[in-house]
Each structure stands twice: as structure tokens, then as C-alpha cells.
Visitor: 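After the C-alpha cells below, expect a handful of questions from me.
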Amino acid sequence: MNSSGLSSTITLTKSQQQAVEHKDGAMLVIAGPGSGKTRVITSRIAELIKSGVSPYNICAITFTNKAAEEMRNRVIAMHVSGGVHISTFHSLCVRILRQYAAKAKITPNFSIYDDSDQKKCIKEAIKTADLDTKNFQPRRMLEMISRLKNNLESPQTLEADNSGDYFSKCLSKIYKNYQAILDKHNALDFDDLLLKTAFLLRDDADVRKQLNDRFKYLMVDEYQDTNHAQYQIARGLAMISGNICVTGDPDQSVYGWRGADIANIMAFEKDWPNAKVVKLEENFRSGAAILAVAEKLIGVNKNRKAKKLIAATDIEAGVTSECLEDEQAEAVYVADYVKELIAAGSELSEIAVFYRVNSMSRALEEAFIDGRINYQIVRGVEFYGRKEIRDMLAYLKVVTNPDDEISLLRAINTPPRGIGKVTIEKIGDYARQEGVGLYDGMVRCASGEILSRRVGQKISAFVCMIENFKKHIDEDVSELIDVVFHESGLFDSLKIEQDSQGHSQAAAIDNIYELINGAKKFDENSQEKGLVNYLQQIALFSDTDTYDSQSGKVSLMTLHAAKGLEFDNVIIIGAEHGILPHERSFDLPSEMEEERRLFFVGITRARKNLAVTMSRYRTVYGQTKRTIASQFLFEAGIAPEQEPVFEAYESPKKSGYGYEDNYSQAEGESPSKAVSSGGSSKGAFTAGEMVSHKKFGLGRVREFHNLGGSSVVMVQFNSGQTKSLMLKYANLTKIG
DNA sequence: TCGGCGAGTGTTTTT
DNA sequence: CACTCGCCGA
């Protein structure tokens with residue numbers, strides 16, 4: 001999203017014009033990369049207002065806070081009066097849920113739980129279900145619950161369905177417990193924000209009517225990445241007016257793992273039968289050479305609507321690729337390449353490096369520091385994930401929401417106050433007897449005879465402190481944080497640490513001051529003030545929100561974070577089998593296609609120069625392993641000249657994390673042959689056929705997914721195991 | 001009560 | 001390799 005060309009006098013193409021002028025009814029804008037989508041959306045908002053629609057009646061939903069902010073600025077720059085609601089789905093839901101809290105059966109001061117909060121809750125939920133965390137891994141359970149929530153399955157509906165097997169019954173129980181814990185804490189997780197809003201819209205005609213009246217014109221960007229809950233929310237919001245305009249690109253759907261359903265955009269015309277469909281296929285961003293690579297790659301995907309990438313500029317573009325020895329060499333290569341770009345006149349902020357996983361930034365950072373290149377890592381959790389920040393936020397959450405036990409338990413012993421497990425348990429038991437929350441239990445214990453005098457005093461002191469903080473709740477958030485910082489003892493304990501450990505801890509105190517500074521900005525600028533608002537807003541900050549286009553630094557980020565951005569120069573590192581595509585995606589063709597789209601997204605961020613690198617060896621989890629070139633390099637026609645041995649392989653699942661057990665068989669094979677021939681097992685398979693595999697022996701084909709060069713066969717082997725194999729590498733022989 | 005230490009474990013992407 | 005968890009000693 002470049003900020004240039006904001007002037008409303010700028011000329012639009014015919015199709016852009018069509019999209020901008022469309023007013024009433026449904027519209028689907030299929031917008032390829034670089035097709036001026038953001039400009040279309042903002043121009044349309046301006047056009048709606050010009051035609052007499054009140055800004056107050058317009059709602060635009062973006063994918064990230066950053067995108068929302070940017071769009072807000074653009075709308076303002078168009079000299080259109082304010083009042084348009086622009087936010088992410090999640091922020092919108094927070095607003096709705098607070099406004100209609102009673103109807104949603106929650107209280108408006110709810111906490112929003114992040115990953116680590118959720119993890120604590122799920123562990124407790126598993127324990128109270130009398131199950132163990134070995135067989136029911138917290139992470140996995142959370143993932144499945146998230147999936148359920150995204151599909152709007154409540155614990156009740158799940159429990160009512162008695163048909164499930166043992167595992168689903170356990171899951172159902174865990175889900176129920178987990179939700180009970182969240183309810184008790186007056187807390188919502190990310191998925192709840194969507195689910196509760198969707199239910200509210202579905203079940204309460206009054207609310208639905210009011211919101212439809214409020215948001216007469218709804219626009220949803222990045223529609224290809226909406227999940228079922230978001231889809232239902234959008235539908236609910238536009239149900240009466242029918243004025244829904246969605247924009248997106250199925251080829252850029254990269255959040256399937258988070259429940260995003262590409263079918264939402266594919267089936268839009270069915271949902272809204274009179275929908276106008278506009279395709280934006282002209283690309284104003286990238287040079288033709290880059291587009292050719294992108295188009296070649298994405299063309300391999302099977303499940304897609306055909307769409308062109310038409311170069312609409314005469315940018316001279318270049319695409320290079322390089323194979324380096326290991327990740328250090330790769331990072332140094334990138335640093336040198338960046339220096340060349342700078343020498344050639346490029347701005348640092350016009351250079352970006354993308355990678356598949358966050359951990360890959362490390363080698364880059366070292367090389368950039370060595371090379372004295374200024375960089376920014378687009379990764380936000382960093383700051384809000386720091387211990388001292390979380391500690392501080394825990395206090396604030398307790399102040400707004402004493403039922404938030406996760407925060408309460410954190411705050412009560414940071415810094416240590418000599419209140420231990422036993423005491424907490426005692427109070428917990430007492431509170432349960434009395435039918436009150438833990439905090440209220442403390443309040444009562446502080447004066448009662450439940451605890452020893454000594455402990456009672458400690459509790460009393462803590463409760464008094466929190467109650468005292470509550471008095472400041474209507475002051476500026478920044479002031480309250482300052483008060484909490486000093487009166488809670490957090491400052492003292494950090495100071496002591498700092499003094500004893502030299503200056504290594506100085507950052508902790510500075511971080512709190514930075515938090516205070518951020519809060520000051522919130523106090524000054526935010527539309528809706530107050531502590532609860534502040535906390536709920538912070539909870540929704542994300543990685544991509546930290547990207548600063550004006551930083552004057554090279555940007556490093558994951559491919560996911562790169563969505564929606566553009567740079568003159570893009571470098572994508574780690575184009576290796578197992579990384580891009582990621583090994584966790586090997587089993588499902590749909591996931592392989594998503595990986596391909598991810599690479600596609602990365603490629604199409606570049607205006608002038610695209611460089612792709614891989615390395616021959618990579619150290620993962622402390623072990624150095626030989627790598628295999630990504631098939632995507634070949635599909636896109638950009639394999640490095642100094643070509644790596646492209647080895648035949650089997651799906652490396654279950655054989656550990658490395659690929660070592662399949663790299664022996666390849667030594668002699670000619671790489672180019674292995675690729676272009678498509679392997680030895682050509683043609684189609686059908687379910688039921690008997691096949692033979694070198695290593696796994698005999699088996700029967702269960703599924704065949706014809707994906708051209710990357711077809712996948714799922715085979716159930718006689719050994720009992722079922723494997724998904726890439727057809728062209730699996731070396732399957734048909735039997736009989 | 002709490003911090004330190006050692007064994008064990010798990011590794012994608014993020015609102 | 002890095003992080004978490006649980007146990008033990010002070």
C-alpha cells in the first residue's frame with residue numbers, strides 16, 4: 001500500500017471506475033495484486049459520501065489495524081468528512097460487544113485473552129476434564145477449539161451431538177470447561193470476539209436492525225481471508241440493506257490454517273445473486289518480468305479462478321535467484337545485495353526481506369548488524385510480550401476486571417509478596433464455598449479468620465493497593481500506569497535487578513516508560529478513551545501493525561506479514577523444500593496450494609527487483625542438514641543457475657524433522673531431469689488401485705488429487721500407515 | 001515461598 | 001537450540 005497518488009483527480013481505469021461508481025446492492029471486486037484496490041475502496045467511500053451517504057453510515061473492514069489506519073488517513077486526505085468506521089473485524093466486534101454487552105450476556109469490561117492466557121486456561125480445562133496433557137496437547141486442543149469457534153460451534157451444540165467418538169467427546173468436554181473458565185474470568189479469546197458477535201447478529205433481531213441502520217454501506221477488504229464467523233458477521237451486517245462490497249483475491253488467500261475459507265469469496269455470487277462482479281487485472285505495481293514469474297507459479301494451482309496479471313507499467317524489472325552454502329552465507333549475500341541496491345540509489349525503506357518463519361530473521365539480523373545496515377523487524381508481539389510489560393498489563397486488567405484470574409495470579413506475586421500457592425489455594429477453596437470469585441475471596445479473607453494474621457495482612461495490603469488503583473481509573477491511562485508502576489513495587493524490583501545486573505536490565509524500566517508514552521498518545525488521540533478501551537485496543541495489536549513505511553530502514557518480515565505491502569526491491573529467502581513449502585503442509589494438497597499462494601504474495605510485492613535465495617545447508621533446531629530446493633523455484637522457472645541437487649524424496653513425515661533419510665538416493669540423478677520429467681510415476685491414479693512403493697511396500701490408493709506437476713496421492717499401505725505422497729517424487733508403481 | 005537448575009520437549013504462519 | 005516445567009534446596 002503505497003501512499004502516493006492520493007489525489008482524487010487521478011484517473012481510474014474503466015473497471016476501477018465501475019467499482020467506484022457502484023452504489024447500492026452487492027459487489028465483488030476481484031483485485032489482483034497491485035491493481036489499485038486500496039485506491040478503489042477509498043475512492044468509493046468518497047464517492048458514496050459525495051452522493052449523499054452520511055460517513056456515519058459507512059463501515060469498512062480491513063485485515064490489519066495498520067491497513068485500517070492507512071485507509072483512514074487516505075480517506076481524510078481526500079477531504080472527506082470523518083465518521084466513517086474503518087477497523088478490523090476484531091476491533092469492530094469489540095465495539096459491538098461493548099455496546100450490546102448485556103444482550104451478548106457479557107460485561108463490557110471483559111479481558112481479551114492472548115495465546116499465553118489461553119494456554120493457561122486450556123491446561124486447567126484439560127485437568128478438570130480428568131484428562132492428561134500428553135494425549136490432549138494444549139496447543140492442539142486450542143487449535144481445534146479455535147476451529148470450532150470459527151465455525152460457530154458452541155460447546156452446547158457440540159455436546160448435543162452425541163454421535164462422536166471418544167476423542168470428540170473429550171474435546172467437547174475440554175471445550176466446555178475451557179469456555180466455563182473464560183466465562184468465569186469475564187474474558188474472551190480472539191475467536192470469541194467473532195463468535196459472540198455473530199451469534200448476537202443471528203439471534204437478536206433488534207441488534208441486527210440497529211446495526212444495519214448504522215452501517216448502511218459495508219465494505220470488506222481481503223475477503224478471501226475471512227473465516228466462517230467473519231462471513232456470518234458480514235452477512236448479518238448487510239442483511240437488510242444488501243449493500244455489501246467485498247474486495248479480495250483468491251490467489252492471495254494465505255490464512256486457511258486460521259480458518260479462513262476461500263469458499264467465501266468463491267461463492268459470493270451465489271450468496272448475493274444480483275452481485276456485480278468487477279475484475280481488476282491490470283497491475284500497476286510490478287514490472288512484467290516479475291509478473292511473468294508470479295503468473296507461472298500461481299498457474300500451477302488447481303483450485304482457482306483463472307485470472308490474468310496484466311502489466312500496466314513499463315517498469316524495468318529484474319528477477320534473480322541464488323543458491324548459497326548455508327544460512328549465514330545466505331544472510332551475508334542478502335546484506336551485500338542490499339548494499340548494492342543502496343549504492344544504485346535505492347532507499348532503505350524500499351527494500352524488504354521476506355521469510356517463511358520468524359526464526360529465519362536471526363541470521364539476517366547478524367549480517368545486517370555486521371554490515372551496518374539499518375533494519376526493522378516487523379514483529380509486534382516482541383514489545384507486548386515482554387515480561388515487565390505483561391506484568392504491568394496484568395495489574396491494569398485486574399483493575400478493570402477483577403474476575404480475570406490469570407492476570408490476578410500474575411499480579412499478586414510480581415514482585416514477590418510472599419503469597420504462595422498454598423495461600424492462593426486456601427482462598428480459592430473459600431471463594432468457591434462462598435460462591436464468589438477469587439478476588440472477592442481475597443477481599444473477604446483480608447478481614448476474616450480464614451488465614452493467619454501474617455498472611456491476612458499481606459492479602460489485605462494487596463487488595464487495598466488494587467482498590468486504590470481503581471480510584472484512578474477515570475484519569476488518563478498514562479497517569480494510572482505511572483501510579484501502578486511505582487506503587488506496586490514493580491519499579492523497585494526492576495531497579496534492584498538493574499543495579500545488581502549492570503545495565504542489561506535497564507531496558508525493562510525503559511520499556512515501561514515506552515508503554516507510558518504509548519498510553520499518552522492513546523490518551524490524546526483515541527476516539528474512545530478509558531482504561532478498558534486501552535486494554536482492549538492493545539490486545540488487538542498485531543505483528544504487521546508495527547511496520548513503519550517511513551522508517552528509513554530495510555524491512556524484515558514473514559511472508560504473511562508482507563501481505564498488502566509493496567516495495568521496489570524484494571528478497572525472499574529460504575526457498576527450500578520443508579520451509580517454503582513448509583513441511584507441515586505436505587500432507588494436504590490444499591495446504592500446498594496455500595504455500596504456493598504465499599510465495600505468490602511475496603513475489604508480487606516487488607516493483608522492480610525480486611531476488612530469491614536458498615541455501616544448500618541449513619541449521620534447524622541446532623542441527624545442520626542438507627536441504628532440497630523448493631519445487632516452487634522450478635514451477636516459477638527461477639531455479640538458481642548454480643543449481644542445487646534436486647532430490648527425489650518421500651513425504652518426510654514421521655521420519656523426524658530432517659530430510660536426511662531421503663537424500664541418499666538422489667546423488668546421481670540429474671536435477672533438471674528430475675524436475676522436468678515430473679518423476680517416473682506419471683499419469684493419473686484412481687482410488688482403489690494397488691500400488692507399490694520402494695520403502696513403504698504395497699498399498700492401496702485412497703485419494704488422488706490431480707494438481708498437474710504437484711499431484712498428490714494418498715496411499716494406505718499394508719503396513720497400516722497412510723501417507724500423502726507427491727506423485728512426481730513418490731516413485732509409485734501400479735500393480736496389476 | 002521462591003529461585004535455580006536440569007531434564008525434557010517441541011518446534012509455521014497471527015487476529 | 002530455546003524454552004518450559006517440575007523438582008529440590010535454601
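Given the structure is predicted, the values throughout are model-derived calculations rather than measurements. First the proteins, then the strands, lettered A, B, ... as listed; each starts at 1.
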Visitor: Go through B:dT1, B:dT13, B:dT14 for me and flag the one nearest to the A:R356 side chain.
Guide: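 For the A:R356 side chain, the nearest candidate turns out to be B:dT13.
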Visitor: What nucleic acid atoms does A:R597 come within less than 4.0 Å of, heavy atoms only: base, sugar-phosphate, or nothing?
Guide: nothing
Visitor: Compare side-chain N and O positions of A:N358 against OP1 and OP2 of B:dT13 and report whether any pair is under 4.0 Å apart.
Guide: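 Affirmative; the distance criterion is met.
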Visitor: Can you see whether A:Y384 has A:R390 sitting over its ring - NZ or CZ less than 6.0 Å from the centre and within 45° of the normal?
Guide: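 Relative to the ring axis of A:Y384, which defines the angle, A:R390 lies outside at least one limit.
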Visitor: Checking side-chain contact (heavy atoms from CB on, under 4.5 Å) between A:H560 and each of A:V357, A:V254, A:N358, which is the one that passes?
Guide: A:V254
Visitor: What nucleic acid atoms does A:I419 come within less than 4.0 Å of, heavy atoms only: base, sugar-phosphate, or nothing?
Guide: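 Here A:I419 touches the backbone only, sparing every base.
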Visitor: Using the C1' atom in both, what is the distance from B:dT13 to C:dT4, to the nearest Å?
Guide: 22 Å
Visitor: How long is the line joining OH of A:Y355 and C1' of B:dT14, in whole Å?
Guide: 14 Å
Visitor: What is the distance, rounded to the nearest whole Å, between atom CD1 of A:I412 and atom P of B:dT1?
Guide: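 A:I412 atom CD1 is separated from B:dT1 atom P by 11 Å.
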Visitor: Send over the distance from A:I377 CD1 to B:dT13 P, rounded to a whole Å.
Guide: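 Roughly 13 Å, once rounded to whole Å.
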Visitor: Report yes or no: is the ring centroid of A:W257 under 5.5 Å from the six-membered base ring centroid of B:dT13, with the two planes under 30 degrees?
Guide: yes
Visitor: Between atom NZ in A:K625 and atom P in C:dC1, what is the gap in whole Å?
Guide: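 Spelled out: NZ on A:K625 to P on C:dC1 is 14 Å.
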Visitor: Out of B:dT13, B:dT12, B:dT15, which has the shortest distance to the side chain of A:R258?
Guide: B:dT15
Visitor: Ignoring backbone atoms, establish whether A:N150 has a side-chain N or O less than 4.0 Å from OP1 or OP2 of B:dT15.
Guide: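 For B:dT15, OP1/OP2 do not have a side-chain N/O of A:N150 under 4.0 Å.
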Visitor: Rounded to the Å, how far apart are A:L142 CG and B:dT14 C1'?
Guide: 14 Å
Visitor: Decide, applying a 5.5 Å centre-distance limit and a 30° plane-angle limit (both strict), whether A:H560 stacks on B:dT13.
Guide: no
Visitor: In whole angstrom, what separates A:I459's CD1 from B:dT1's P?
Guide: 10 Å
Visitor: Is there a side-chain polar atom (N or O) of A:N413 under 4.0 Å from OP1 or OP2 of B:dT1?
Guide: no
Visitor: Working note: A:N533 + A:S526, criterion side-chain contact (heavy atoms from CB on, under 4.5 Å); need CA distance, chi angles, decisive distance, verdict.
Guide: CA-CA 9 Å; A:N533 245 307; A:S526 175; 5.7 Å; no
Visitor: Atom CG of A:D587 and atom P of B:dT12: how far apart are they, to the nearest Å?
Guide: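 Value for this atom pair: 15 Å.
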Visitor: Using the C1' atom in both, what is the distance from C:dC5 to B:dT12, to the nearest Å?
Guide: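 Nearest-Å result for C:dC5 against B:dT12 at atom C1': 24 Å.
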Visitor: Describe, in one word, how the ring planes of A:F63 and A:Y255 are oriented to each other, choosing from parallel (under 30°), tilted (30 to 60°) and perpendicular (over 60°).
Guide: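 Tilted, since the angle between the ring planes falls between 30° and 60°.
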Visitor: How does protein reach along nucleotides 2-10 of chain C, written 5' to 3' as B (base within reach of a heavy atom under 4.0 Å), S (only sugar-phosphate), or - (no contact)?
Guide: S--S-----
Visitor: Heavy-atom nearest nucleotide on DNA chain B for A:Q137 versus A:G418: which residue maps closer to 5'?
Guide: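 Checking each residue's closest nucleotide, the 5'-ward one belongs to A:G418.
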Visitor: To the side chain of A:T88, which of B:dT13, B:dT15, B:dG3 is closest?
Guide: B:dT15
Visitor: Within the structure, does a side-chain N or O atom of A:T558 lie under 4.0 Å from either OP1 or OP2 of B:dT14?
Guide: yes
Visitor: How long is the line joining CG of A:D326 and P of C:dC1, in whole Å?
Guide: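 So the two atoms are 15 Å apart, to the nearest Å.
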Visitor: Taking 4.0 Å as the cut-off, does a side-chain nitrogen or oxygen of A:R139 come that near to OP1 or OP2 on B:dT12?
Guide: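 A:R139 to B:dT12 OP1/OP2: side-chain N or O found under 4.0 Å.
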Visitor: For A:E143 and for A:L194, find the nucleotide of DNA chain B with the closest heavy atom, then tell me which residue's nucleotide is more 5'.
Guide: A:E143
Visitor: How would you label the contact of A:V422 with the nucleic acid (heavy atoms, under 4.0 Å): base, sugar-phosphate, or nothing?
Guide: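 Counting heavy atoms under 4.0 Å across all strands, the contact made by A:V422 is with sugar-phosphate only.
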Visitor: Would you compute the distance between atom CG of A:D221 and atom OG1 of A:T38 and round it to the nearest 0.5 angstrom?
Guide: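 One gets 6.5 Å once the value is rounded to the nearest 0.5 Å.
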Visitor: Side chains of A:Q376 and A:Y547 only: does a donor on one sit below 3.5 Å from an acceptor on the other?
Guide: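 A:Y547 and A:Q376 do not have a side-chain donor-acceptor pair below 3.5 Å.
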Visitor: Could you verify whether a donor N or O on one side chain and an acceptor N or O on the other, from A:Q232 and A:Q230, lie under 3.5 Å apart?
Guide: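 No, no side-chain donor-acceptor contact under 3.5 Å.
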Visitor: Enumerate the side chain to side chain donor-acceptor pair (under 3.5 Å) contacts for residues 138-148 of chain A, please, sequence neighbours excluded, ordered by first and then second residue.
Guide: A:S146-A:D191
Visitor: For A:A411, does its backbone N or O pair with a side-chain atom of A:Y395 as donor and acceptor, under 3.5 Å?
Guide: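 Yes; judged by distance alone, with no hydrogens or angles, the pair exists.
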Visitor: Is any side-chain N or O of A:T423 closer than 4.0 Å to OP1 or OP2 of B:dT1?
Guide: yes
